[in-house]
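Below is one structure, written out as structure tokens, with a few remarks after it.
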Amino acid sequence: MSTKVYLGVGSNLNRENSLRFAFAKISPLLKNCKKSSIWISKPVRNGEPDYFNMVISGDTESNLEEFHTCLMKIEEMAGKEVMINDGTNFGMKRRLDIDILAFGQLETSTPCIIPRHDIQDYPFVTCPLNELDPDFVHPVLHKKVSELWAKLEPTLSDDKKVVKTSIDWNVEAPVWNNASKD
Ligand SMILES: Nc1ncnc2c1ncn2[C@@H]1O[C@H](COP(=O)(O)OP(=O)(O)OP(=O)(O)O)[C@@H](O)[C@H]1O
Ligand SMILES: Nc1nc2c(c(=O)[nH]1)N=C(CO)CN2
């Protein structure tokens, strides 16, 4: 039996390469794998560099535990590094964050919280999810993502807005270093 999953992927360290790495590792795990564009937004926590975010969807044959373990391994594989921005040292940070937003119709808190509140609360999740699948119905709120986005978007101040990047998946990502902020 396969389950349709939605994943939120974010990075603000080597961010374009990190999202490409995530897609390269996740797409073989999913049938009918699809991805949104990459969107840029300000961090929730002030001072960090801006984030790149995307949403990936597809069908898995795995159960939640197996699938969650695979995703944590992918996050680990992407590694960590010291994040320094404008002279502030944020310490060791994961390059890649992968969250399971929804796992079919499941509602649970073990081994992780499903569905994630990010779907309706974080524009950097709602917006790419709406781009990918506006007709997806939230398993608990029973509302289409298009309705959730229509409610959230008009409330956003400039610092919460998300902007679509023009990243072309067919062109190789630029070389990155900790000072380039890309
Ligand atoms: N659905 C999920 N998929 C993947 N990881 C999850 C999921 N739910 C929780 N986690 C992981 O559990 C930890 C705590 O998550 P939680 O949502 O409570 O806080 P957070 O992500 O740090 O903050 P916020 O609520 O502001 O998004 C994080 O490491 C998070 O990545
Ligand atoms: N814009 C944006 N901000 C964040 C994000 C994210 O993915 N996008 N993830 C965070 C923790 O993982 C904290 N802040």
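Counting convention: from 1, in listed order, for ligands and their atoms alike.
The shortest side-chain heavy-atom distance between Ile119 and Thr126 does not fall under the 4.5 Å cut-off. Val140 has its side chain within reach of Pro115: a pair of non-hydrogen atoms, C-beta onward, lies under 4.5 Å apart. A heavy-atom distance below 4.5 Å is not found between the side chains of Leu7 and Val55.
Assignment of Ile98 to the shell around ligand 1 is supported, since a heavy atom sits closer than 4.0 Å.
With hydrogens and angles ignored, the 3.5 Å screen pairs no side-chain donor or acceptor of Asp99 with any backbone N or O of Leu101. Panel note: side chain Arg95, backbone Ser18; no donor-acceptor pair is recorded below 3.5 Å. Formation of a donor-acceptor pair under 3.5 Å by the Asn63 side chain with backbone atoms of Glu66 is found in this model.
Within a 4.0 Å radius of atom 28 (C) of ligand 1, the protein has no heavy atom. Protein heavy atoms are absent from the space less than 4.0 angstrom from atom 19 (O) of ligand 1. Not a single protein heavy atom sits closer than 4.0 Å to atom 22 (O) of ligand 1. Counting protein heavy atoms under 4.0 angstrom from atom 9 (C) of ligand 1 gives one or more. Shown here, atom 14 (C) of ligand 1 is out of close reach of the protein: none of its heavy atoms lies under 4.0 Å off.
Residues Asp159 and Ser157 have side chains that bring a donor and an acceptor to within less than 3.5 angstrom of each other.
Between Ile100 and ligand 1, a contact under 3.5 Å exists for at least one N or O pair.
The distance from the CD1 atom of Ile38 to the CZ atom of Phe23 is 10.5 Å, given to the nearest 0.5 Å.
Comparing heavy-atom distances from atom 31 (O) of ligand 1 across Asp99, Leu71, Leu7 singles out Asp99 as nearest. Nearest-residue assignment for atom 11 (C) of ligand 1 (options His117, Arg116, Arg45; heavy-atom criterion): Arg116. The nearest non-hydrogen atom to atom 2 (C) of ligand 1, considering only Ser109, Cys112, Pro115, comes from Cys112.
Taking the centre of each ring, His68 and Phe103 stay at or above the 6.0 Å mark. Proximity of the aromatic rings of Trp39 and Tyr51 is defined here by a centroid distance below 6.0 angstrom, and this criterion is not met.
Annotation: ligand 2 has protein neighbours Ser41, Lys42, Pro43, Val44, Tyr51, Asn53, Asp97, Phe124, each with a heavy atom less than 4.0 angstrom from the ligand.
Among protein heavy atoms, the minimum distance from atom 26 (O) of ligand 1 is reached at Tyr122 OH, 2.7 Å.
By the neighbour-count criterion of 12 heavy atoms within 6.0 Å, atom NZ of Lys93 is densely surrounded, having more than that number from other residues, nucleotides or ligands.
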